[in-house]
Amino acid sequence: MQRSYIIEHMENAMHEWCALEYKHMLTNIGPDHLYFSSLTDECMNEGMPEELKTAKCYQVDVLNLPGVNPEEICLLDPAGTSELAPEDGDKFKYFLFGGILGDHPPRDRTGELRKLGFAGRRLGPVQMTTDTAVNVTKRVVEDRIPLDEIPYIDYPEIFFSRQESVTMPFRYIAEVKTVTTKDGETKTIKKPLMPPGMLELLKKDNEMTLEF
């Protein structure tokens, strides 16, 4: 059964990085089961891509979403005492995430949602980007894949040139591919599953030539 996913937007604006992650969620979830709450006037009128407005967009906070019972909400919380499990898909109808730019080190801004008293679950010990957290949650509660059986890549290094690179301080779902080298050898490589356009944004932010 398809569950619904609520992103409580916790920034005043809609930054480009955030918009790419939100569009990635829209691709994975679809507009009928994706909520964005606490959207500011600035987000709605300036920074929010039109395609995101096909989702369920609200300026009220998560407690005031129409038709949503807070008792049916599970907060994905890095400080949760138990890990998310496939059976949580039977216990909860909605899964709540803080829509924030990932801080490193984390500033525990999810604590603002924790105070509201939702049941909480954790997605392991390593901080994920918000779109990764949504994608992982969907795989666990809808596809019934245990959390520890999803392939991950932690802190991937993104190369912009032979001399320049950046290490992303997050956990991503790993895209595992098998390739054949020039010598005819079979090699398995792992790449982080990122939103379309994210590598280009990183390239722009770093003003370097991208070689990934």
Side-chain angles (χ1 to χ4, degrees), residues 1-8 10 18 20-30 33-37 62 68-158 167-178 188-196 198:
M1 181 183 297
Q2 186 164 4
R3 290 307 183 211
S4 293
Y5 303 83
I6 303 170
I7 314 302
E8 178 85 349
M10 304 179 78
C18 194
L20 289 179
E21 290 200 5
Y22 286 3
K23 288 195 286 186
H24 199 204
M25 297 174 198
L26 183 66
T27 300
N28 289 325
I29 304 300
H33 292 272
L34 182 61
Y35 291 75
F36 295 108
S37 55
V62 60
V68 176
N69 181 353
E71 294 183 359
E72 296 180 311
I73 295 176
C74 173
L75 171 65
L76 280 301
D77 184 357
T81 56
S82 59
E83 307 286 1
L84 185 72
E87 53 266 26
D88 288 318
D90 299 323
K91 297 176 183 176
F92 302 102
K93 187 175 180 180
Y94 303 94
F95 293 87
L96 172 63
F97 306 80
I100 56 180
L101 290 174
D103 296 307
H104 185 72
R107 284 192 284 160
D108 189 31
R109 293 173 70 186
T110 307
E112 298 172 35
L113 295 174
R114 189 182 308 125
K115 295 174 185 176
L116 301 179
F118 298 112
R121 295 290 187 272
R122 196 173 79 135
L123 292 173
V126 183
Q127 185 183 21
M128 300 177 181
T129 61
T130 309
D131 65 307
T132 299
V134 170
N135 201 341
V136 167
T137 298
K138 182 177 185 291
R139 294 188 185 201
V140 173
V141 301
E142 292 189 28
D143 301 337
R144 301 289 169 147
I145 301 173
L147 188 63
D148 59 1
E149 292 184 14
I150 297 172
Y152 300 110
I153 182 168
D154 296 342
Y155 315 127
E157 188 174 11
I158 309 298
T167 298
M168 304 299 291
F170 306 109
R171 166 172 283 181
Y172 293 86
I173 293 175
E175 290 187 293
V176 182
K177 296 182 180 180
T178 302
T188 299
I189 60 172
K190 294 201 304 183
K191 288 187 176 183
L193 179 59
M194 291 182 168
M198 185 60 73

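Side chains included, hydrogens not; waters and symmetry mates left out as well; all remaining heavy atoms used.
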Between [Y] and [X], is there a side-chain heavy-atom distance shorter than 4.5 Å?
X      : Y      : result
Tyr35  : Val68  : yes
Tyr22  : Ile7   : yes
Glu157 : Met168 : no
Leu147 : Tyr152 : yes
Glu21  : Met198 : yes
Phe118 : Val62  : yes
Leu76  : Leu96  : no
Val136 : Met128 : yes

Calculate, to the nearest 0.5 Å, the distance between atoms [atom1] and [atom2] belonging to [X] and [Y] respectively.
X      : Y      : atom1 : atom2 : answer
Ile150 : Leu123 : CD1   : CG    : 8.5 Å
Thr27  : Leu34  : OG1   : CG    : 10.0 Å
Asp131 : Phe97  : CG    : CZ    : 10.5 Å
Thr130 : Met10  : OG1   : CE    : 10.5 Å
Arg3   : His33  : CZ    : NE2   : 9.5 Å

So which heavy atom on [X] is nearest to which on [Y], and how close?
X      : Y      : result
Pro146 : Val140 : C-CG2, 4.5 Å
Asn135 : Asn28  : ND2-ND2, 3.3 Å
Lys138 : Tyr5   : CA-OH, 3.3 Å
Asp88  : Phe95  : O-CZ, 3.6 Å
Arg114 : Ala79  : NH2-CB, 3.4 Å
His24  : Pro196 : CD2-CD, 3.9 Å

Evaluate whether atom CD of Gln2 has more than 12 neighbouring non-hydrogen atoms of other residues, nucleotides or ligands under 6.0 angstrom away.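 Above 12, so yes.
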Taking [X] for its side chain and [Y] for its backbone only, find out whether a donor-acceptor pair lies under 3.5 Å.
X      : Y      : value
Arg139 : Ile145 : no
Thr137 : Ala133 : yes
Lys91  : Cys74  : no

How far apart are the C-alpha atoms of Arg171 and Ile153, what are their side-chain angles, what is the distance that settles it, and do they pass the side-chain contact (heavy atoms from CB on, under 4.5 Å) test? CA-CA 6 Å; Arg171 166 172 283 181; Ile153 182 168; over 6 Å; no
Distance flag, aromatic centroids of Phe170 and Tyr155, threshold under 6.0 Å: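 So the answer is no for these two rings.
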Within the 3.5 Å criterion, strictly below it, is a donor on Ser37 or Glu8 matched to an acceptor on the partner's side chain?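 Present: a donor and an acceptor within the cut-off.
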Check this for me, if you would: do Arg122 and Glu83 make a salt bridge, where the nitrogen-to-carboxylate-oxygen distance has to be below 4.0 angstrom?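 Here Arg122 pairs with Glu83 in a salt bridge, since their nearest N and O are under 4.0 Å apart.
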Test side-chain contact (heavy atoms from CB on, under 4.5 Å) on Leu193 and Tyr172; report intermediate values, then the result. CA-CA 6 Å; Leu193 179 59; Tyr172 293 86; 5.6 Å; no
Test log, rule salt bridge (charged side-chain N to carboxylate O under 4.0 Å, His left out), inputs Arg144 and Asp90: CA-CA 11 Å; Arg144 301 289 169 147; Asp90 299 323; 2.7 Å; yes
